[in-house]
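Read the structure below first, then the notes.
Source: prediction; values computed, not measured. Note on naming: letters A, B, ... go to the chains in the order of the sequence lines (proteins, then strands), and numbering restarts at 1 for each one.
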Protein chains: 2
Amino acid sequence: MATTIKDVAKLAQVSPSTVSRVLHDNSRISNTTKERVMQAMHSLNYHPNAIARSLAKSNTKTLGLILPNDELELFQNSFFIQAMRGISIYAKLHGYKLMYNFSIDEQEEIEYLENYIHDNWVEGVILFTSRQDDKCINYLHKRAFPFTVIGRPSSPETGFWVDNDNFQAMYSVTEYLIEKNCSSIAFLGGLRELDVTLNRLSGYKQAIKSHGLELQENLICTTTRFSEEEAYEQISELLNNNTVDAIAATDDILAFGAIRAMQDFNQTLLPIIGFNNTVRGQYQTPALSSVEINPTELGYKACKLLIDSLEGLDNPYNHFIVETKFIERDTTQPQLFSKRLVQV
Amino acid sequence: MATTIKDVAKLAQVSPSTVSRVLHDNSRISNTTKERVMQAMHSLNYHPNAIARSLAKSNTKTLGLILPNDELELFQNSFFIQAMRGISIYAKLHGYKLMYNFSIDEQEEIEYLENYIHDNWVEGVILFTSRQDDKCINYLHKRAFPFTVIGRPSSPETGFWVDNDNFQAMYSVTEYLIEKNCSSIAFLGGLRELDVTLNRLSGYKQAIKSHGLELQENLICTTTRFSEEEAYEQISELLNNNTVDAIAATDDILAFGAIRAMQDFNQTLLPIIGFNNTVRGQYQTPALSSVEINPTELGYKACKLLIDSLEGLDNPYNHFIVETKFIERDTTQPQLFSKRLVQV
DNA sequence: TTGTACGCGTTATCAG
DNA sequence: CTGATAACGCGTACAA
């Protein structure tokens, strides 16, 4: 067995409570005994047992993360591990531990949350995505359990969350294309039940309207899975039935599928922009213009909101908006803007 | 406060120990009281407090993972998150919880390990990489703390580990190139202090020798960082000073740099093979031939070794070898094999 | 079959 | 400034 507070107390010839005091050096203790206790701790290589401490203080200094299990999204995209790293940076700063789980669906996510809450093992939860009418968010709210969401939830005024300004980011990207004289811009989005998709779609629509263009519903497509293949199919069909002169995609992965569709359609590439600034997008040919969303920062800030709240250090807001940055590469080069794919 | 075992006991009119017994349903209890206690647990929505249980049983059912913090490697490569998922699958099967940390260097890794051990918060550790004379492995051995390594350690006979047969995988790949009549095959590896690099290098060397070719030390290059850029530089220099007719790389990322170097050298592409079967390699042009190493399976088996050991269910071996699979794509197509880059 | 009493290692309250 | 003592919630010998 490891050495306990009692062993130290015995060696230093004081009571366990005194040892506990030097451990927290809050109460005023005489320097001599403090010295003696420190000596004892050192010579016994004593380290407090975190479990026992947790039981006594009824706090675990542990946060739980719930990751989606969608292989396509998870493995093509360094978003999650980057966000996890951002979380870990702030957590370390405040001595918090991190646990993780992969969930296969919303049902299993709820189960994980129930366990998290009942076990008393974690003090707060970080969710990596936000859906329309999200069951996890609703559940956590109902249980009044501390949590943060990465992604703008449906009710942004309650609870903690971090996000990019997805509306603005997509607005800007769309505006950029419009200013290059594109007028039939297709929207290519991911799952429609995700808030991120809807927020970006809103930005797209607003940009179209603000610039006096006609909003063409048939140019809006979303996928049911997070899949390059489905993007390929959707864009192939779109190009066959519509006039299109640019594509705004909500994710690089989807953009990759769209690019292949354009190449297969008739060798002609239209301007296209993705999101997430993936490594693959940087290095493929043509290099993909994309919006960097700063996942590490998103994770960091999400963690900050949660921990600060648990520690009683409240932030002025219940959310953080993380900057995005449009990174221009080959797929928005000038020569592409003259082209236009028309129904034949 | 959450409901405790006492509340249940009171409601069911039994003693706390009886409640504890139905919780573990080991001791023989009368069905009537068992029923009554279950009713009480249900109506109070009772869930045992995991912290208290851990303290009493002095086990936490928690494992700690230590991830490297190298952005280049971490974010370009879904290896880590795939392995983490594999780990989580087995952990869930046995009710184990998982914690994670990102370390910036070997020193910080040791610190994390010390905390893990002293805190008594985790029962075992999973390391994601193995170095030559690995300080973490040595430390864990010295402390006799349970752990598994993903990667073949320097002393494979002691401790738990999982790995691909890196020697054999690289041997096969090299042999494949030799059989296509390549005789000046360059080896492009990552950090030389990593066991994975050395194991693959051994396979390369053995294949060269076994086929009666001359081992040219100057065709062996390794990078000091895990970086596409450095691979680009190394291969550029290599091509300038040597005759080369194929490249065997230990990682897709490095292969990407090498491909760019070849393209810049004089538009000529040599056959090249990478490892890890990255998504980018599948979709780039030319699509990269690569060795799939099954990271999810590696994580799963690593976790299995550790948990089985902790639970007293010993495996016949102290390690698992996970299958690899060579996946052939554009960069090993026949037409490439006639070419040869010669010093001018 | 069930209850009592104590321990797990720490913190917190209350005396002194 | 320091030391008993009682929690924290659960598991488990030992009794009954």
Minimum-distance nucleotide (side-chain atoms of Ser20(A) versus dT11(C), dG9(C), dG11(D)):
dT11(C)
Let's see if you can work this out: which of dG9(C), dC10(D), dT2(C) has an atom nearest to the side-chain heavy atoms of Ser30(B)?
dT2(C)
What closest approach, in Å, do Lys135(A) and Glu106(A) show between heavy atoms, and which atom pair accounts for it?
N-OE2, 3.1 Å
What is the distance from CD1 of Ile51(A) to P of dC10(D), rounded to the nearest Å?
14 Å
We want to know whether Tyr90(B) and Asp308(B) form a side-chain donor-acceptor pair, criterion being a heavy-atom distance below 3.5 angstrom.
yes
Under 4.0 Å between any heavy atoms, over every strand shown, what does Pro48(B) touch: base, sugar-phosphate, or nothing? Just pick one.
sugar-phosphate
With the side chain of Arg21(A) defined as its heavy atoms from C-beta on, choose the nearest nucleotide among dT2(D), dC14(D), dG9(D).
dT2(D)
From the candidates dG9(D), dT2(D), dC10(D), the one with an atom nearest any side-chain atom of Leu55(B) is dG9(D)
Check every strand shown and say whether Ser54(B) touches a base, only sugar-phosphate, or nothing at a heavy-atom separation below 4.0 Å.
nothing
Whole Å only: how far is the CG atom of Asn120(A) from the C1' atom of dC10(D)?
13 Å
May I have the distance from Met41(B) (atom CE) to dG9(D) (atom C1'), rounded to whole angstrom?
15 Å
Nucleotide of dC10(D), dG3(C), dA4(D) approaching Ser15(B) most closely (side-chain heavy atoms):
dG3(C)
Quickly work out the His24(A) NE2 to dA12(C) P distance and round it to whole Å.
6 Å
Tell me the bend of the helix from dT1(C)-dA16(D) to dG16(C)-dC1(D) as the angle between end helix axes, each from five pairs, rounded to the nearest 10 degrees.
40°
Position toward the 5' end of DNA chain C (nearest nucleotide), Arg36(B) or Lys57(B)
Arg36(B)
Atom-to-atom span, CG of Leu44(B) to C1' of dG9(D) - whole angstrom
15 Å
Without decimals, in angstroms, what is the distance between Asn31(A) CG and dT2(D) C1'?
15 Å
Can you confirm whether Gln132(A) is buried at CD, in the sense that more than 12 heavy atoms of other residues, nucleotides or ligands lie under 6.0 Å from that atom?
yes
Atom-to-atom span, NZ of Lys6(A) to P of dG3(D) - whole angstrom:
15 Å
Sub-4.5 Å side-chain heavy-atom contact between Leu310(B) and Leu63(B):
yes
Tell me whether the OP1 or OP2 atom of dG9(C) has a side-chain N or O from Arg53(A) closer than 4.0 Å.
no
Could you check whether the rings of Tyr317(B) and His319(B) sit parallel, tilted or perpendicular, using 30° and 60° as the cut-offs?
tilted
Reckon Thr18(B) touches a base, only the sugar-phosphate, or nothing at all at heavy-atom distances under 4.0 Å?
sugar-phosphate
Whole angstroms only, please: what is the CG-P distance between Leu23(A) and dT10(C)?
8 Å
If you look at every strand shown and take non-hydrogen atoms under 4.0 Å, does Ser17(A) touch a base, only sugar-phosphate, or nothing?
base
Out of dG3(D), dT10(C), dC1(D), which nucleotide sits closest to the side chain of Val14(A)?
dG3(D)
dT10(C), dC10(D), dC1(D): which one has an atom nearest the side-chain heavy atoms of Ala56(A)?
dT10(C)
Whichever of Ala52(B) and Gln13(B) has its nearest DNA chain C nucleotide further upstream toward 5'
Gln13(B)
What's the shortest heavy-atom distance between Thr129(B) and Val149(B), and which atoms?
O-CG1, 3.9 Å
Do Glu311(A) and Lys61(A) sit within salt-bridge range, that is, some charged N less than 4.0 Å from a carboxylate O?
yes
Residue pair Val37(A) / Val8(A), side-chain heavy-atom distance below 4.5 Å:
yes
